[in-house]
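Remember, it's a predicted structure, so these values are computed and weren't measured experimentally.
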Amino acid sequence: QVQLVESGGGLVQAGGSLRLSCAASGRTFSSYAMGWFRQAPGKEREFVAGISPAGISTYYADSVKGRFTISRENVKNTMYLQMNSLKPEDTAVYYCAESRKRSPGSSPADYDYWGQGTQVTVSS
């Protein structure tokens, strides 16, 4: 049984930073691509960033490129999302997800397992 647990969300002022973590268990973490998604109230879940199994390749939504950094530590079964220069429009519940593939896709349908989400609120 795969479990993903996010942490690190909170309330921050615009321009501030947060670091999200996603702790995984249940199958060989280093074999699968991972991703971060977010969902704001009344909106669909959207892709934020993805990372290949070894962490060599990363992908970002245009809206976060240059501000967010995705990374992973396979020895710790943990993925991270460093978020800098946060904007009020970044406010959402952030979810980590584990893919069935070795290349991270940008659709929620590309991912098998999901965490419970962590709230990020950016005040103006």
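- Smallest separation of non-hydrogen atoms from P104 and A33: N-CB, 3.5 Å.
- Residues near V75 contribute nothing to a hydrophobic cluster around it, because no ILVMFWY side-chain heavy atom sits closer than 4.5 Å to its side chain.
- In this structure, CE on M34 lies 9.5 Å from CD1 on I51, to the nearest 0.5 angstrom.
- Residues near Y80 contribute nothing to a hydrophobic cluster around it, because no ILVMFWY side-chain heavy atom sits closer than 4.5 Å to its side chain.
- With values rounded to the nearest 0.5 angstrom, L18 atom CG is found 10.0 Å from D90 atom CG.
- Taking CE of M83 as the start and CZ of R19 as the end, the distance is 11.5 Å to the nearest 0.5 Å.
- In this structure, K65 places its NZ atom where more than 12 heavy-atom neighbours from other residues, nucleotides or ligands lie under 6.0 Å away.
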request  = Applying side-chain contact (heavy atoms from CB on, under 4.5 Å), run through W36 and E6 and close with a yes or a no.
outcome  = CA-CA 10 Å; W36 287 99; E6 302 97 336; 3.9 Å; yes
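- Every residue two or more places apart in sequence or in another chain was checked for a ring-ring contact (aromatic ring centres under 6.0 Å, His included) with Y32, and none qualifies.
- Scanning both residues, S57 and Y59, for their nearest heavy atoms gives CB-OH, 3.6 Å.
- Between Y60 and F47, the closest heavy-atom pair is C-CE2, 4.1 Å.
- Considering every non-hydrogen atom in both S71 and M79, the closest pair reads O-CG, 3.3 Å.
- In this structure, R72 is positioned above the aromatic face of F29, its NZ or CZ under 6.0 Å from the six-membered ring centre and within 45° of the axis.
- Note that CD of Q116 and CG of L4 are 9.0 Å apart. Values are rounded to the nearest 0.5 Å.
- Counting only residues at least two apart or in different chains, disulfide (SG to SG under 2.5 Å) contacts with residues 19-124 comprise C22-C96.
- Here R45 contributes atom CZ and R38 contributes atom CZ; the two are 13.0 Å apart, rounded to the nearest 0.5 Å.
- Between F37 and Y111, the two ring planes are perpendicular [angle over 60°; tilted spans 30° to 60°].
- Residues T91 and A40 share a closest heavy-atom pair of O-CB, 3.7 Å.
- A single hydrophobic cluster is not seen to contain both V48 and V93; linkage of ILVMFWY side chains at heavy-atom distances under 4.5 Å, directly or through other members, places them apart.
- With a 4.5 Å cut-off between side-chain heavy atoms of Ile, Leu, Val, Met, Phe, Trp and Tyr, the cluster of L11 takes in none.
- Every residue two or more places apart in sequence or in another chain was checked for a ring-ring contact (aromatic ring centres under 6.0 Å, His included) with Y95, and none qualifies.
- We find the NZ-OG distance between K87 and S124 to be 14.0 Å, quoted to the nearest 0.5 Å.
- For the pair G105 and D110, the tightest heavy-atom approach, listed with the atom from each and the gap, is CA-OD2, 3.2 Å.
- Using a 4.5 Å cut-off on side-chain heavy atoms (C-beta onward), L20 and T118 make contact.
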